Amino acid sequence: MPELPEVETVRRGLARVVGLTLTRLEQRRPDLRIPLPSDFAKQLEGRRLEGVDRRGKYMLWRFSGGPVLIVHLGMSGTLILRDGPRAPELHEHVVFTFSDGTTLAYQDPRRFGLMTLTTADNASQHRLLADMGPEPLGNEFNGPVLAAALKGRKSPLKAALLDQRLVAGLGNIYVCEALYRAGLSPERLAGTLRGPAVERLAQAIKAVLTDAIAAGGSSLRNYVQASGELGYFQHRWAVYGKEGERCPGCSPTARCRVQRVVQSARSTFYCPRTQT
DNA sequence: CTTTCGTCCTGACTGC
DNA sequence: TGCAGTCAGGACGAAA
């Protein structure tokens with residue numbers, strides 16, 4: 001499930017087609033979460049892909065002349081780069097062909113992802129992006145900023161960090177991992193955190209995301225896997241999905257095990273001994 | 001205003 | 001083996 005590190009990895013992988021002209025856009029299934037307009041292809045064909053930016057879990061594909069394609073991979077979205085034309089596979093909803101013959105397919109079985117068009121002038125004010133919180137890896141995100149965002153919040157820390165208005169780009173996995181690294185219980189009420197703990201949490205968020213991006217970058221072949229898929233790399237998580245296992249920070253003799261609890265109808269994994 | 005919950009979707013998995 | 005049921009989750013919008 002693509003969160004900020006995976007989306008960043010995809011963004012970097014798309015460098016291969018940046019600078020190329022989009023020669024053909026095939027809408028194979030227009031009923032995405034936000035339906036694609038019927039003239040979608042016409043609006044983009046013939047334009048050069050000038051660059052790909054990222055905001056939280058969104059990508060912004062900037063085309064020459066002003067159009068910006070906002071792309072979100074949702075739960076199950078992937079992008080597949082191929083050297084040339086090939087028979088599309090199941091759930092490839094949109095296929096882009098570039099001037100050198102490279103094709104880029106957007107595949108999304110569950111269709112929680114979306115693509116929608118805006119313009120360079122309006123992109124930052126687009127309703128999908130306007131209320132988004134700070135980029136966690138930027139200088140604009142730090143302990144005091146996080147403290148201000150958490151102040152007065154009565155929801156559990158887990159739920160607060162999933163709110164994209166508070167900080168951009170975290171999902172279920174990296175919230176669990178960041179709370180583990182900060183040694184904070186996901187069930188603590190967000191508004192009760194004090195200075196040092198907030199600082200630890202802000203640093204843990206940065207560290208977890210930075211490490212995950214580095215893991216994607218270090219296995220560079222995975223930017224474009226043998227299958228052509230972009231953006232999924234294996235990552236060793238400390239607690240996510242590790243119910244019943246010992247967390248890395250507990251001694252071999254410790255009896256405690258990673259617990260799974262359900263918060264806001266989502267699984268949370270944490271170590272009850274090291275996260276308080 | 002804040003917080004929670006239902007909804008969308010399909011593949012993978014579980015259990016009878 | 002087959003099939004029904006359950007689960008996974010990002011983000012919106014409705015409800016509390």
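Residue numbers start from 1 in every chain, and the chains themselves are labelled A, B, ... in the order their sequence lines are given, proteins ahead of strands. This one's a predicted model, so the numbers in the text were calculated from it and none came from an experiment.
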Enquirer: My understanding is that only one of A:L14, A:V68, A:D53 makes a side-chain contact (heavy atoms from CB on, under 4.5 Å) with A:M59; could you say which?
Expert: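 Option passing the side-chain contact (heavy atoms from CB on, under 4.5 Å) with A:M59: A:L14.
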Enquirer: Name the first nucleotide and the last nucleotide along DNA chain C (5' to 3') that come under 4.0 Å of a heavy atom in chain A.
Expert: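 Both ends considered, the range comes out as C:dA8 to C:dC12.
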Enquirer: Show the distances under 3.5 angstrom between N or O atoms of the protein and N or O atoms of nucleotides 3-7 of chain B.
Expert:
from  : atom 1 : to     : atom 2 : distance (Å)
B:dT3 : OP1    : A:K154 : N      : 2.2
B:dT3 : OP1    : A:S155 : N      : 3.1
B:dT3 : OP2    : A:R153 : NH1    : 3.2

Enquirer: Over all strands shown, is A:F269 touching base, sugar-phosphate only, or nothing at heavy-atom distances under 4.0 angstrom?
Expert: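 Result for A:F269 = nothing.
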Enquirer: Quick check: are there more than 12 heavy atoms from other residues, nucleotides or ligands sitting under 6.0 Å from CZ of A:R28?
Expert: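 Yes, CZ of A:R28 has more than 12 neighbouring heavy atoms, counting only those of other groups under 6.0 Å.
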Enquirer: Looking at residues at least two apart in the chain, or sitting in another chain, which of them share a side chain to side chain donor-acceptor pair (under 3.5 Å) with A:R181?
Expert: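 Only A:D211 meet the side chain to side chain donor-acceptor pair (under 3.5 Å) criterion with A:R181.
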Enquirer: How close do A:K158 and A:V175 get, counting heavy atoms only, and between which atoms?
Expert: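 Reported closest heavy-atom pair: CD-CG1, 3.5 Å.
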Enquirer: Mind listing the closest non-hydrogen atom pair of A:E45 and A:L25 along with its distance?
Expert: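 What the structure gives for the nearest pair is OE2-N, 2.8 Å.
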Enquirer: What residues, two or more places apart in sequence or in another chain, satisfy side-chain contact (heavy atoms from CB on, under 4.5 Å) together with A:S251?
Expert: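 With neighbours one apart ignored, the set is A:T253, A:A254.
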Enquirer: Suppose the criterion is ring-ring contact (aromatic ring centres under 6.0 Å, His included): which pairs have a residue in residues 64-118 of chain A, not counting sequence neighbours?
Expert: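 Those involving residues 64-118 of chain A are A:Y58-A:H72, A:W61-A:F96.
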Enquirer: How many whole angstroms separate atom CG of A:L189 from atom P of B:dT2?
Expert: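 The distance from CG of A:L189 to P of B:dT2 comes to 16 Å, rounded to the nearest Å.
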Enquirer: Quick check: are there more than 12 heavy atoms from other residues, nucleotides or ligands sitting under 6.0 Å from CG of A:N139?
Expert: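 No, not enclosed.
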Enquirer: Give every pair of a protein N or O atom and an N or O atom of nucleotides 9-13 of chain B that lie under 3.5 Å apart, one pair per line with the distance.
Expert:
from   : atom 1 : to     : atom 2 : distance (Å)
B:dC9  : O4'    : A:R110 : O      : 3.4
B:dC9  : O3'    : A:R111 : NH2    : 3.3
B:dT10 : OP1    : A:R111 : NH2    : 3.2
B:dG11 : OP1    : A:H91  : NE2    : 2.7

Enquirer: Grab the two heavy atoms, one from A:G77 and one from A:P2, that are nearest each other, plus how far apart they are.
Expert: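 Looking at all heavy atoms of both residues, the closest pair is O-CG, 4.0 Å.
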Enquirer: Would a single hydrophobic cluster contain both A:L22 and A:L60, if residues Ile, Leu, Val, Met, Phe, Trp and Tyr are joined by side-chain heavy-atom contacts under 4.5 Å?
Expert: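 Per the 4.5 Å side-chain linkage, A:L60 and A:L22 are not co-clustered.
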Enquirer: Base, sugar-phosphate alone, or nothing: which one does A:L128 contact when heavy atoms must sit under 4.0 Å apart?
Expert: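 Sugar-phosphate, backbone atoms only, no base.
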